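Remarks on the structure that follows.
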Amino acid sequence: MDEALQSELLATARAARAAAYAPYSNYLVGAALLAEDGRIFGGCNVENAAYPQGVCAEAGAISAMVLAGQRRARAVLVAGGGAHLCTPCGGCRQKLREFCGDPKTFVVMAANENGVQRRWTLEDLLPQSFGPDHLA
Ligand code: THU
């Protein structure tokens, strides 16, 4: 991925993070999903007084992409705060799996306040995954 595109993803994820609603955990997360057609969709975590009803940043970005008519993504960048790295939770790894095409080529990036620090494929984070092909 070229540097300009990565910067754009980082800016989108950080802007989304700034909008996060996380009054219970105070753990703000932003995500930027790169769709196959090149569009970028942001999402932030949105918590709830009934704790299990909160949704992750990645899930918000996936919803935005699907609402826009896109069903395939190439990469996601997740932005946490401080020096800490936020990696996608297990549930989000599976949600991303649905729209990733090939887990071996879908890229997951984790950023902190200093920028992107780690990069994996979805296959690295969710090996031997169950996906749409299993039901085809
Ligand atoms: N969170 C995300 O938004 N994405 C992840 O992949 C990890 C966790 C959110 C959920 C909750 O609002 C907060 O971080 C603390 O778990």
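If you read the sequence from its start, that first residue is 1, and numbering goes on from there. A quick note: this is a predicted structure, and the numbers were derived from the prediction, not measured. Whatever order the structure lists ligands and atoms in, that order sets their numbers, starting from 1.
Going from atom CZ of Phe99 over to atom CZ of Arg71 covers 7.5 Å, rounded to the nearest 0.5 Å. One distance of note links CD of Glu8 with CG of Leu34; it measures 9.0 Å at 0.5 Å rounding.
Ring pair Tyr24/Tyr21 is perpendicular by interplanar angle, where above 60° counts as perpendicular and below 30° as parallel.
Here the side chains of Phe41 and Ile62 are not in contact, with every heavy-atom distance at 4.5 Å or above.
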Report each N/O pair between ligand 1 and the protein that falls under 3.5 Å, naming both atoms.
from, atom 1, to, atom 2, distance (Å)
ligand 1, 3 (O), Ala57, N, 2.9
ligand 1, 4 (N), Glu58, OE1, 2.9
ligand 1, 6 (O), Glu58, OE1, 3.3
ligand 1, 6 (O), Glu58, OE2, 2.7
ligand 1, 6 (O), Cys89, N, 2.9
ligand 1, 12 (O), Asn45, ND2, 2.9
ligand 1, 12 (O), Glu47, OE2, 2.5

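Side-chain N or O atoms of Arg74 include one that pairs as donor or acceptor with a backbone N or O of Glu36 at under 3.5 Å.
For residues 43-70, the set of pairs meeting the side-chain hydrogen bond (donor to acceptor under 3.5 Å, both in side chains) definition, not counting sequence neighbours, comprises Ser25-Glu47, Asp37-Gln70.
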